[in-house]
Novice: 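Sharing a structure with you now.
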Amino acid sequence: MPFPAWAALVQSGIVRKHHARERLLHQGEPGGWVLLCVSGRLKVIYSEPEGRELMLAVRGPGDVIGEFSGQDGRPRSATVQAIEPGVTSKLSDQRFDDVVDRHGIRAQLNSYMLGKVRESAPHAWRLAHRTTAARLADLLVALIGAAGPDHPAPTTIPMSQEELATALGLVRSAVTPVLAEWKAAGLIQVSRARLHVLDIPGLLDMHRGDVSTSGQN
């Protein structure tokens, strides 16, 4: 999206700060407004009625959040939670559409939204066929990539081992041995409720092409 259009969208909304782990959108609630991510990483979560969660995507600065409900009028299809402190701008669907049309970026917005839809197929394949280690490596790379160019520490992931496991639909015991192996290899450092990636290429090379025969390991 061109910077002038993005700046106009941000300035048209209510800009506010949020805390780590704060839930900004709630699955099942009605729409009516859109969020623009100005800073900080966010995760998109789908929840089952019994409480189990799975992370569908990572978003960051420059991303539009919650625009699907404005297009079809249906309730929110997922929850959006802050991974770390950040800033968003909130504006009504109508105001969002007015600025989009005024700047002539409707085609770009539609392409952006279709891109999100297209993400779902490779994501589903990775969940079904890649090993836990490969899925975890993909997740860390996605989190680093979503940080944006102005993030002070993009390779620091402020998520606990429990949160990383939950993001992949796993239990903590499934990811603990993988993290221990990576730590021993000098690829990561682990501290309380956060992880530091030291060698991104090494992390990817170790698991490039890893495929699970069962989809569960």
Side-chain angles (χ1 to χ4, degrees), residues 1-48 53-127 138-152 154 167:
M1 183 181 300
F3 179 76
W6 175 257
L9 284 167
V10 171
Q11 292 166 9
S12 297
I14 299 171
V15 178
R16 66 175 293 269
K17 296 180 180 179
H18 56 258
H19 305 291
R21 297 176 178 81
E22 182 178 342
R23 298 205 167 196
L24 309 179
L25 296 180
H26 296 267
Q27 181 178 323
E29 290 188 350
W33 46 273
V34 174
L35 280 181
L36 309 175
C37 183
V38 179
S39 68
R41 287 168 283 194
L42 311 172
K43 57 182 177 179
V44 182
I45 305 165
Y46 176 78
S47 303
E48 283 291 303
E53 295 183 345
L54 180 68
M55 194 176 82
L56 303 178
V58 184
R59 303 296 178 214
D63 273 317
V64 181
I65 314 295
E67 74 277 22
F68 283 96
S69 289
Q71 299 298 314
D72 63 14
R74 300 181 65 182
R76 305 290 188 195
S77 58
T79 293
V80 176
Q81 183 178 23
I83 295 173
E84 58 197 347
V87 176
T88 58
S89 179
K90 176 181 176 180
L91 62 165
S92 69
D93 290 337
Q94 183 61 59
R95 195 166 184 82
F96 177 78
D97 284 338
D98 288 346
V99 177
V100 166
D101 290 336
R102 186 165 69 246
H103 284 265
I105 57 170
R106 178 64 60 184
Q108 289 163 290
L109 176 64
N110 290 340
S111 178
Y112 170 79
M113 293 171 63
L114 284 172
K116 287 184 174 182
V117 175
R118 288 179 182 276
E119 290 177 3
S120 60
H123 178 69
W125 190 93
R126 287 191 294 268
L127 289 178
D138 287 341
L139 172 59
L140 295 181
V141 171
L143 287 162
I144 292 168
D150 299 323
H151 197 288

Novice: What's the spacing between S77 OG and L25 CG if we round to 0.5 Å?
Specialist: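 It is 9.5 Å, given to the nearest 0.5 Å.
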Novice: Rounded to the nearest 0.5 Å, what's the gap from CG on L143 to CG on L139? Could you check?
Specialist: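 Rounded to the nearest 0.5 Å, the CG-CG separation comes out at 4.5 Å.
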Novice: Taking side chain as C-beta onward, heavy atoms only, is H151 less than 4.5 Å from P61?
Specialist: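 The answer is no, as the side chains (C-beta and beyond) never meet within the 4.5 Å cut-off.
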Novice: What's the shortest heavy-atom distance between V99 and A8, and which atoms?
Specialist: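 Heavy-atom minimum between the residues: CG1-CB, 4.0 Å.
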Novice: Compare every heavy atom of I65 with every heavy atom of V34, then report the nearest pair and how far apart it is.
Specialist: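 Closest approach of V34 to I65: CG1-O, 3.5 Å.
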Novice: Are any of the side-chain heavy atoms of V10 and V38 separated by less than 4.5 Å?
Specialist: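 The answer is yes; the side chains approach within 4.5 Å.
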Novice: With C37, which of L42, V87, V64 fulfils side chain to side chain contact (heavy atoms under 4.5 Å, CB included)?
Specialist: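 Of L42, V87, V64, side chain to side chain contact (heavy atoms under 4.5 Å, CB included) with C37 is met by L42 alone.
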Novice: Looking at every non-hydrogen atom in both residues, tell me the closest pair between L54 and A167 and how far apart they are.
Specialist: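 Minimum heavy-atom separation between L54 and A167: CD1-O, 3.5 Å.
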Novice: About how many Å separate NZ of K90 and CG of L35, when rounded to the nearest 0.5 Å?
Specialist: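 These two atoms lie 7.5 Å from each other.
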Novice: How far does NE2 of H103 sit from CG of L109, to the nearest 0.5 angstrom?
Specialist: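 Between H103 NE2 and L109 CG, I get 13.5 Å after rounding to 0.5 Å.
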Novice: Can any side-chain N or O of S89 pair as donor or acceptor with the backbone N or O of V15 at less than 3.5 Å?
Specialist: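 No.
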Novice: Run the side chain to side chain donor-acceptor pair (under 3.5 Å) test against E119 and tell me which residues pass, sequence neighbours left out.
Specialist: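 With sequence neighbours excluded, E119 shows a side chain to side chain donor-acceptor pair (under 3.5 Å) to R59, given in chain and number order.
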Novice: So, for A5 and M1, which heavy atoms are closest and what is the spacing to 0.1 Å?
Specialist: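 Smallest heavy-atom distance, with atoms named: CB-CG, 4.1 Å.
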Novice: Would you indicate whether the side-chain heavy atoms of R16 and L24 approach each other to under 4.5 Å?
Specialist: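 L24 reaches R16 side chain to side chain.
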Novice: So, for R21 and Q81, which heavy atoms are closest and what is the spacing to 0.1 Å?
Specialist: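 So the two residues come closest at O-NE2, 2.8 Å.
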Novice: V100 and side chain to side chain contact (heavy atoms under 4.5 Å, CB included): which partner among R95, R106, Q108, E67?
Specialist: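 That would be R106.
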Novice: Take K43 and E53 through the salt bridge (Lys or Arg N to Asp or Glu O under 4.0 Å) test and state the conclusion after the steps.
Specialist: CA-CA 12 Å; K43 57 182 177 179; E53 295 183 345; 6.0 Å; no
Novice: Which residues satisfy the salt bridge (charged side-chain N to carboxylate O under 4.0 Å, His left out) test with R76, sequence neighbours excluded?
Specialist: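 Salt bridge (charged side-chain N to carboxylate O under 4.0 Å, His left out) check on R76 returns nothing, list empty.
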Novice: Using the side chain to side chain contact (heavy atoms under 4.5 Å, CB included) rule, pick out the option among T88, L91, D63 that qualifies with L36.
Specialist: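 For L36, the side chain to side chain contact (heavy atoms under 4.5 Å, CB included) check succeeds only for L91.
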Novice: Of the non-hydrogen atoms in H19 and E22, which two are nearest, and what is the gap between them?
Specialist: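 Looking at all heavy atoms of both residues, the closest pair is N-OE1, 2.9 Å.
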Novice: Does atom CD1 (I14) have a neighbourhood of more than 12 heavy atoms from anything else shown, all under 6.0 Å?
Specialist: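 Counting neighbours around CD1 of I14, 12 or fewer heavy atoms of other residues, nucleotides or ligands fall under 6.0 Å, so no.
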Novice: Side chain of R41, backbone of V58: donor and acceptor closer than 3.5 Å?
Specialist: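 Side chain of R41 to backbone of V58, a donor-acceptor pair under 3.5 Å: no, none is there.
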Novice: Which is it for R23 and E29 under the salt bridge (Lys or Arg N to Asp or Glu O under 4.0 Å) test, yes or no, and what are the steps along the way?
Specialist: CA-CA 12 Å; R23 298 205 167 196; E29 290 188 350; over 6 Å; no
Novice: If you apply the rule side-chain contact (heavy atoms from CB on, under 4.5 Å), what do you find for F68 with V117, and how did you get there?
Specialist: CA-CA 10 Å; F68 283 96; V117 175; 4.0 Å; yes
